[in-house]
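One structure is given here, and the rest of the page talks about it.
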Amino acid sequence: MVAINFRSLLLFSAFLRIFLIIYGEWQDNHMEVRYTDVDYLVFSDAASLMASGRSPYERSTYRYSPLIAFLLIPNSFIHPSWGKFLFSASDLLVGLFIHAILKLRGVPAKLCTYATMIWFFNPFTFTIGTRGNCEPIVCAMILWIIHCLMNGNICQAAVWYGLVVHLRIYPIIYALPIILVLDPLCFKFGKKPNLISWVPGGKQFSQSSFSTKVTDQNSIWLIVTSSFTWRRIVFGLLSGFMFFICTGFAFYLYGWQFLHEALLYHLTRTDPRHNFSIYFYHLYLHYEREFTTTEKLISFLPQIIVQLVLIFQFSQDFPFCFFVQTLAFVAFNKVMTAQYFVWFFCLLPLIVPWSNMKLKWKGLGSTLLWMGAQTHWLMWGYLLEFKGKNVFIQLWLASVLFLAANTFVLISIIRHHRYSPVFRRVELAASENPGKSD
């Protein structure tokens, strides 16, 4: 492989994003199809309303935290593309954090750089920020939380976690694996946690070696009492405090309209417009009537079951756990749009060094299958939206096929992953370095 300097890679990535922002301005003014994401227009309008002292929720379809609109207030007096530069800077920050996390885990510099390129030069990722979508900010915050946890900065991780859940509700799925990974056998008072370094060729760790064996009632009592460690309690209290402070302040400013649009809407969302989800056609057919609580809960059931299985299986290898959780969450969600793919793309480079999947042929085959299923869906979506053809059934079948492709890719990634817990347990470290015996 050709050696690539990370700084040069970062600089080239920055110029690419600047070029795309400038090109986007030209395309918006000269072509029928706009480059700028429609969400960016919503953000800009909401920021303009906030700058004039009004509620950002006066802008219809603004369903985000008021912090997003606040960050884009300079759109009104610096330049309309201010937000695109802000989101693209966050996009570059994601690459920096990916590189830093891999270095912390002992991955060689060259492999760190090549893994980071998966983010920097993924068309899904470098266009999302330059088109004006806020997801890179959320991705950067999640990666920073991972970095903080690896360095033992529990309080800082908790504060950022509370903030990111306030911004976008979906990172709540990471709460349980974070609590589980704050194992008292890995975190000792006054000491940074001991990280398990990447090994060439890959040593395979057994999940059973990182589980606690229960032999009697005393062991059960020990497990229960050790579960409520001060780190877990502090993380829960601090992250909860940060979330409720941000949410409470926003509620104080904008009332129930904020609570409904930014939080409750996403929990009960029933979008009748066509999207990648297998639920869209059912929602479209029954949109006029109110869905019962039972129907809403049933739609969440597959997500909950899959999430719990993945968490209890992979929580100690928490970057991988976050990735498979997010991929499964998006695949089984009631609403799925292309911007959601960024949620797991930012975590993909973190698991590549621990994958046994060869690019040729399984890696390439999985990629082509996923892209092919998506392209097949987009073909029917184009015929429906732009040509006005009645292809709802075909589009729904394409959604089922896309779910199958996502499931196949998820299973393939799990099967070819070398399970590697992030932190070394004290008892395990002692057993690997025993004292001399007579």
Side-chain angles (χ1 to χ4, degrees), residues 39 42-73 83 86-87 90 133-146 148-149 153-179 182 232-271 293 296-297 300 303-304 307 322 325-326 329-330 333-335 339-340 342-343:
D39 282 347
V42 176
F43 296 154
S44 299
D45 291 346
S48 179
L49 288 168
M50 182 179 279
S52 62
R54 297 163 63 187
S55 169
Y57 299 101
E58 291 182 29
R59 173 52 161 101
S60 61
T61 72
Y62 182 76
R63 299 189 175 100
Y64 301 86
S65 164
L67 286 175
I68 300 295
F70 177 77
L71 291 173
L72 266 65
I73 286 178
L86 178 65
F87 298 152
S90 301
N133 195 284
C134 69
E135 301 302 342
I137 291 181
V138 178
C139 293
M141 293 171 70
I142 289 170
L143 289 167
W144 180 245
I145 291 166
I146 294 174
C148 290
L149 290 171
N153 298 326
I154 308 301
C155 293
Q156 188 177 164
V159 170
W160 283 102
Y161 184 69
L163 180 59
V164 77
V165 173
H166 167 76
L167 282 177
R168 297 287 277 168
I169 196 68
Y170 88 88
I172 194 69
I173 65 176
Y174 306 139
L176 184 54
I178 291 176
I179 292 299
L182 295 178
R232 286 168 172 162
I233 293 171
V234 165
F235 184 90
L237 290 176
L238 267 181
S239 58
F241 176 78
M242 187 65 182
F243 172 79
F244 285 112
I245 282 292
C246 294
T247 304
F249 184 65
F251 180 76
Y252 170 76
L253 292 176
Y254 305 114
W256 286 101
Q257 191 177 19
F258 149 74
L259 202 60
H260 177 265
E261 297 291 347
L263 291 177
L264 300 179
Y265 169 81
H266 297 285
L267 296 176
T268 59
R269 183 177 180 182
T270 53
D271 195 339
T293 304
K296 291 178 180 178
L297 289 175
F300 279 113
Q303 276 185 316
I304 294 171
Q307 290 295 312
F322 283 12
Q325 274 187 272
T326 312
F329 178 82
V330 171
N333 202 28
K334 287 190 298 182
V335 178
Q339 72 184 61
Y340 294 179
V342 182
W343 297 351

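Ring to ring, Y340 and Y170 are not that close: their centroids are 6.0 angstrom or more apart.
Contact detail for C155 and V234: the closest heavy-atom pair is SG-CG1, 4.0 Å. In plain terms, the two heavy atoms of F235 and S239 that are nearest each other are O-OG, 2.7 Å. The shortest heavy-atom contact between L259 and T247 is CD1-CG2, 4.4 Å. Contact detail for P171 and V138: the closest heavy-atom pair is CG-CG1, 4.5 Å. Among all heavy-atom pairs drawn from D45 and R59, the shortest one is OD2-NE, 2.9 Å. Heavy atoms only, all atoms of each residue included: V42 and S60 are closest at CG1-O, 4.3 Å.
At least one side-chain heavy atom of I68 sits less than 4.5 Å from a side-chain heavy atom of F43. Looking only at side-chain heavy atoms (C-beta outward), Y64 and P56 stay at 4.5 Å or farther from each other. Residues L71 and I137 form a side-chain contact, since some pair of their non-hydrogen atoms from C-beta on lies under 4.5 Å apart. Within the 4.5 Å cutoff, the side chain of P66 has no heavy atoms near those of the L253 side chain. Between Y161 and M141, every side-chain heavy-atom pair lies at or beyond the 4.5 Å cut-off. Here the side chains of W144 and Q156 are in contact, with some heavy-atom distance below 4.5 Å. Considering only heavy atoms from C-beta on, L182 comes within 4.5 Å of L149 through its side chain. Residues F329 and Q307 are in side-chain contact: their nearest non-hydrogen atoms beyond the backbone lie under 4.5 Å apart.
Remark: side-chain polar atoms of Y174 are not paired, donor with acceptor, to backbone N or O of T326 under 3.5 angstrom. With R232 contributing its side chain and I179 its backbone, the two residues share a donor-acceptor pair below 3.5 Å. Not one N or O on the side chain of E135 forms a donor-acceptor pair closer than 3.5 Å with the backbone of Q339.
To the nearest 0.5 Å, the span separating CD on E58 from OG on S52 amounts to 7.5 Å. We find the CD1-CD1 distance between I173 and I304 to be 12.0 Å, quoted to the nearest 0.5 Å. Between atom CZ of residue R168 and atom CD1 of residue I142 there is a gap of 10.0 Å, rounded to the nearest 0.5 Å.
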_Assess the residue pair L49 and Y57 against the criterion (side chain to side chain contact (heavy atoms under 4.5 Å, CB included)); give the C-alpha distance rounded to whole Å, side-chain angles, the decisive distance to 0.1 Å, and a yes or no._
CA-CA 9 Å; L49 288 168; Y57 299 101; over 6 Å; no
*Please report the C-alpha distance between L143 and F322 in whole Å, then the side-chain angles of each, then the deciding distance to 0.1 Å, and finally whether the side chain to side chain contact (heavy atoms under 4.5 Å, CB included) criterion is met.*
CA-CA 10 Å; L143 289 167; F322 283 12; over 6 Å; no
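Legend: residues meeting ring pair (Phe, Tyr, Trp, His ring centres under 6.0 Å) with F251, ordered by chain and number and at least two apart, are W256. Qualifying ring pair (Phe, Tyr, Trp, His ring centres under 6.0 Å) partners for F243, counting only residues two or more places apart in sequence or in other chains: none. Residues passing the side-chain contact (heavy atoms from CB on, under 4.5 Å) test with L67 are S65, L163, H166, L167, sequence neighbours excluded.
More than 12 heavy atoms of other residues, nucleotides or ligands lie within 6.0 Å of CH2 in W343, so this atom counts as buried by the packing criterion.
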